Number of protein chains: 2
Amino acid sequence: MRRRPIPEATVGRLPIYLRALLDLAESRGETNVSSDELARLAGVNAAKVRKDLSYLGSYGTRGVGYDVEYLLYQITRELGLTQDWPAAIVGIGNLGRALASYKGFSERGFRITAIFDVDESVIGEEVGGMIVRHLDELKEVVAEMGTSIGIIATPPLAAQEVADKLVDAGVKSILNFAPAVVNVPPDVTVRKVDLSIELQILSFYQQRTQAIATAREANRRLRNQHGAG
Amino acid sequence: MRRRPIPEATVGRLPIYLRALLDLAESRGETNVSSDELARLAGVNAAKVRKDLSYLGSYGTRGVGYDVEYLLYQITRELGLTQDWPAAIVGIGNLGRALASYKGFSERGFRITAIFDVDESVIGEEVGGMIVRHLDELKEVVAEMGTSIGIIATPPLAAQEVADKLVDAGVKSILNFAPAVVNVPPDVTVRKVDLSIELQILSFYQQRTQAIATAREANRRLRNQHGAG
DNA sequence: TAACGCTTGTGAGCGTAATCACAAACCGAA
DNA sequence: TTCGGTTTGTGATTACGCTCACAAGCGTTA
Ligand SMILES: NC(=O)c1ccc[n+]([C@@H]2O[C@H](COP(=O)([O-])OP(=O)(O)OC[C@H]3O[C@@H](n4cnc5c(N)ncnc54)[C@H](O)[C@@H]3O)[C@@H](O)[C@H]2O)c1
Ligand SMILES: NC(=O)c1ccc[n+]([C@@H]2O[C@H](COP(=O)([O-])OP(=O)(O)OC[C@H]3O[C@@H](n4cnc5c(N)ncnc54)[C@H](O)[C@@H]3O)[C@@H](O)[C@H]2O)c1
């Protein structure tokens, strides 16, 4: 019954507002916040904050601002964080272990409830308070635990195969850490976290500014030479 | 001297094409590729591939496609990957360790050359073939090694402080893993990798489709009841 | 109640990105 | 050389997102 659908760009920012609001509520004991203040905390434009929040409804008070607790509740509800989301990690290597032991997920409704691998020397081991199970048990465990999110932390070559198995097991949301493109049916959402891509983007922009600096330098030299000659 | 600047969205996709091309060249021994094929491998639209590549120049041959090696070289050059980018990690906990030991970075010009922490019990320890140094040595080490990329893997409360120190040391590119907004001067680029945000976005879309399914179900029941009553 | 300062909510304008659709260009065959 | 099949490169169009700017609405004060 919503007036307008929430744009993708807005969905991506709601978690940032959520974090800023939690900080305001818990650490600073603020009960009220203006779009200006929230914008500063989230590192975005104030008009953008207001427009983003307006998609959720008219929850602010003109001349006053937003009630922190109420806004927290509304964003939490909108993001579906009032319920618990059991997640499973596949691939318990370096990264999978760090993720499995990470305490930060549980803070907001995400719980890692099962971890999988195919390496016999890893299976049965305890990581982050859980026993590593064989990938063959995936479907069964997912059904039993109502797992809704699958996290892929295998080498890239295994990523598509693992994604297929997650889909087959009924998982509709996948977070992929492997540097590989994975294809899934349209009713499944995949998001990727790719460090190499991020580094390469940083490289591009840094190289560009370096190139500009070098060109300026060359220009300066040329001018000086010309002046002197 | 480029005809047009490369759009941000394109820069974000060049690394994906790069990976697909490397796969074609190394694993499959292909010397030529069409925009259709490349689009399939990268999981995007073919017209988008052609437009993206056209920002680099006219490197394709009509009726034939693109020469894999040549395209590889051009993208590599454009992304600034012909040179090495020494990187430093700050915060050697769970995640920092996984990153420091990760072999995947070096494959493309990124080398972790120094790792830092402030915890005395961690400093001096060897991780990924490097000795953990105290953050106080940052400026000195960055100058010495020509570090160009800083990676933040500390708790969120320390992130801004660490970013400030990286900036002060002359680092112009930062990759931030801490769930916190960090502010830097305009000549510094920050990119963030935030797992919680990704999970929350997945939660949003999954919750939405569940809500739709529930609404359909309720509707169906209502109709049935109506029909029966 | 009226006047004032403050902040929201949103229409309008602008810029960026995605997609479409097709002329131009190339290759190989005849 | 011509023709047909193929694929690029790009103008045109549409969709999306960001920012501006301001009327509308609220609380406070007198
Ligand atoms: N470690 C990092 O810091 C880091 C950084 C960026 C990206 N990544 C990516 O994350 C992924 C995991 O990295 P890692 O360093 O943990 O690698 P890793 O080699 O340490 O661990 C991979 C694990 O996946 C398991 N595995 C292999 N095939 C499997 C399959 N078909 N099903 C289930 N499990 C399987 C292996 O047994 C192993 O335990 C890789 O794709 C890597 O490129 C890692
Ligand atoms: N572990 C994960 O899988 C994971 C997942 C998502 C996000 N993160 C985020 O990544 C960051 C690191 O996570 P972690 O699990 O490795 O945490 P951790 O607590 O294991 O490690 C943090 C490290 O940072 C060091 N540190 C603290 N303050 C510092 C400072 N001012 N300067 C330098 N070093 C400092 C600590 O001594 C510690 O070694 C956190 O912000 C966390 O939220 C981690």
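Order of the sequence lines fixes the chain letters, A, B, ..., with proteins taken first and strands second; residue numbering starts at 1 for each chain. The structure displayed is predicted, hence computed values, not measured ones.
- When the local axes at the two ends of the helix from C:dT1-D:dA30 to C:dA30-D:dT1 are compared, using 5 base pairs at each end, they differ in direction by 0° after rounding to 10°.
- Interface residues of residues 20-45 of chain B facing DNA chain D, ordered by number: B:Ser34, B:Ser35; criterion, heavy-atom separation under 4.0 Å.
- Across the protein-nucleic acid pair, A:Asp52 atom CG and D:dC16 atom C1' stand 14 Å apart, rounded to whole Å.
- Within the structure, side chain to side chain donor-acceptor pair (under 3.5 Å) contacts touching residues 89-101 of chain A (residues at least two apart or in different chains) are A:Arg97-A:Glu125.
- At least one donor-acceptor pair under 3.5 Å links the side chain of B:Thr209 to the backbone N or O of B:Gln206.
- Contact annotation: A:Arg4 does not reach the phosphate of D:dC16 (side-chain N/O to OP1 or OP2, under 4.0 Å).
- Contact check for A:Tyr17 versus A:Val49: side-chain heavy atoms found under the 4.5 Å cut-off.
- A heavy-atom distance below 4.5 Å is found between the side chains of A:Leu99 and A:Ile151.
- Both B:Arg50 and A:Leu53 lie near DNA chain C, and the one whose nearest nucleotide falls closer to the 5' end is A:Leu53.
- If you check the side chains of B:Ser35 and B:Arg50, you find a donor sitting under 3.5 Å from an acceptor.
- OP1 or OP2 of C:dA17 has not a single side-chain nitrogen or oxygen of B:Lys51 nearer than 4.0 Å.
- Listed by residue number, B:Tyr59, B:Gly60, B:Thr61, B:Arg62, B:Gly63, B:Val64, B:Gly65, B:Tyr66 are the residues of residues 59-75 of chain B with a heavy-atom contact under 4.0 Å to DNA chain D.
- When atom types are taken as modelled, the side chain of A:Gln200 and the backbone of A:Leu195 share no donor-acceptor pair closer than 3.5 angstrom.
- Closest to the B:Ala47 side chain, of the nucleotides D:dC18, C:dA21, C:dG11, is C:dA21.
- Between B:Asn32 and B:Tyr66, the side chains place no donor N or O within less than 3.5 Å of an acceptor N or O (distance only, hydrogens not considered).
- A donor atom on one side chain and an acceptor atom on the other are found under 3.5 Å apart for B:Ser203 and A:Trp85.
- Under the 3.5 Å distance criterion, the side-chain polar atoms of A:Thr76 are matched with a main-chain donor or acceptor of A:Leu72.
- For the pair B:Leu14 CG and C:dA17 P, the computed distance is 13 Å after rounding to whole Å.
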Please tabulate, for the side chains in residues 178-188 of chain B, all donor-acceptor contacts under 3.5 angstrom to protein atoms that are two or more places apart in sequence or on a different chain.
residue	atom	partner	partner atom	Å
B:Asp187	OD2	B:Lys172	NZ	3.3

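- Scored by the ring pair (Phe, Tyr, Trp, His ring centres under 6.0 Å) test, B:Tyr70 finds B:Tyr59 as partners (sequence neighbours excluded).
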